[in-house]
Amino acid sequence: MADFAAGKWTLVDTTGFDEYMKAVGVGMVMRKMAAAIKPTQIVEVEGDRWTIKTLTTLKNTEIAFVLGEEFEEVTGDGRKLKTTVTLEGQKLIQTQVGEVDSILTREWDGDTMIMTLKAKDAVCTRTYKRAV
Ligand code: DKA
């Protein structure tokens with residue numbers, strides 16, 4: 001069981017998010033709105049079947065997937081992607097293929113989840129803490 005990941009996580013710090021959103025083609029208005037919000041992610045795990053809900057004051061999204069199986073993802077900013085997620089130790093790797101390819105990783109260490117978003121030359125780091 002991936003107990004290390006299951007639960008509720010709240011954003012506490014972020015760097016490079018605007019550059020990442022620019023790299024994947026998000027327009028200025030949506031970038032400004034997205035930059036101002038602090039999402040909560042709810043991670044549920046049942047064997048190889050994972051669900052990640054991202055809750056914000058603007059919009060909620062959910063991805064549900066089986067590790068290693070491709071699925072269609074629609075991002076909060078409306079991009080449609082073919083996505084595959086794998087797990088290496090305590091690192092979840094979300095590979096997104098679309099008009100612009102991107103790799104999102106989430107790595108857990110105790111009560112901290114570090115999310116890294118990479119596209120083209122842009123690298124964004126977002127730190128989440130376990131919420132009660
Ligand atoms: C993250 O999960 C990165 C993605 C946040 C998306 C926010 C949704 C913005 C909708 C305008 O921390």
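Count residues from 1 along the sequence. Because the structure is predicted, anything quoted here is derived from the model rather than measured. Indexing begins at 1, ligand by ligand and atom by atom, following the structure's order.
For atom 6 (C) of ligand 1, no protein heavy-atom neighbour is found at a distance under 4.0 Å.
More than 12 heavy-atom neighbours from other residues, nucleotides or ligands sit within 6.0 angstrom of CZ on Arg130.
At the shortest separation from atom 8 (C) of ligand 1 among protein heavy atoms lies Ile37 CD1, 4.2 Å. Residue, atom and distance of the protein heavy atom nearest to atom 4 (C) of ligand 1 are Phe17 CZ, 4.1 Å. Closest protein heavy atom to atom 10 (C) of ligand 1: Gly76 O, 3.9 Å. Closest to atom 9 (C) of ligand 1 among all protein heavy atoms lies Ala34 CB, 3.9 Å. Nearest to atom 11 (C) of ligand 1 among the protein's heavy atoms is Met30 CG, 3.6 Å.
In the model, Gln96 has a side-chain atom that pairs as donor or acceptor with a side-chain atom of Glu73 under 3.5 Å. Of the N and O atoms on the side chains of Thr40 and Tyr128, not one donor lies less than 3.5 Å from an acceptor on the other residue. A donor atom on one side chain and an acceptor atom on the other are found under 3.5 Å apart for Lys129 and Thr112.
The aromatic rings of Trp108 and Trp50 sit tilted, their planes meeting at an angle between 30° and 60°.
Under the 4.5 Å side-chain criterion, counting only non-hydrogen atoms from C-beta, Thr54 is not in contact with Ile42. Contact annotation: the side chain of Leu55 never approaches that of Pro39 to less than 4.5 Å [non-hydrogen atoms, C-beta and beyond].
Close N/O approach between Gln41 and ligand 1 is found [any backbone or side-chain N/O within under 3.5 Å]. Of the polar atoms of Tyr128, at least one N or O is found under 3.5 Å from an N or O of ligand 1, judged by distance alone. Looking at ligand 1, you'll find an N or O of Arg126 within less than 3.5 Å of one of its N or O atoms.
Contacts with ligand 1 closer than 4.0 Å are made by no heavy atom of Met33, backbone or side chain.
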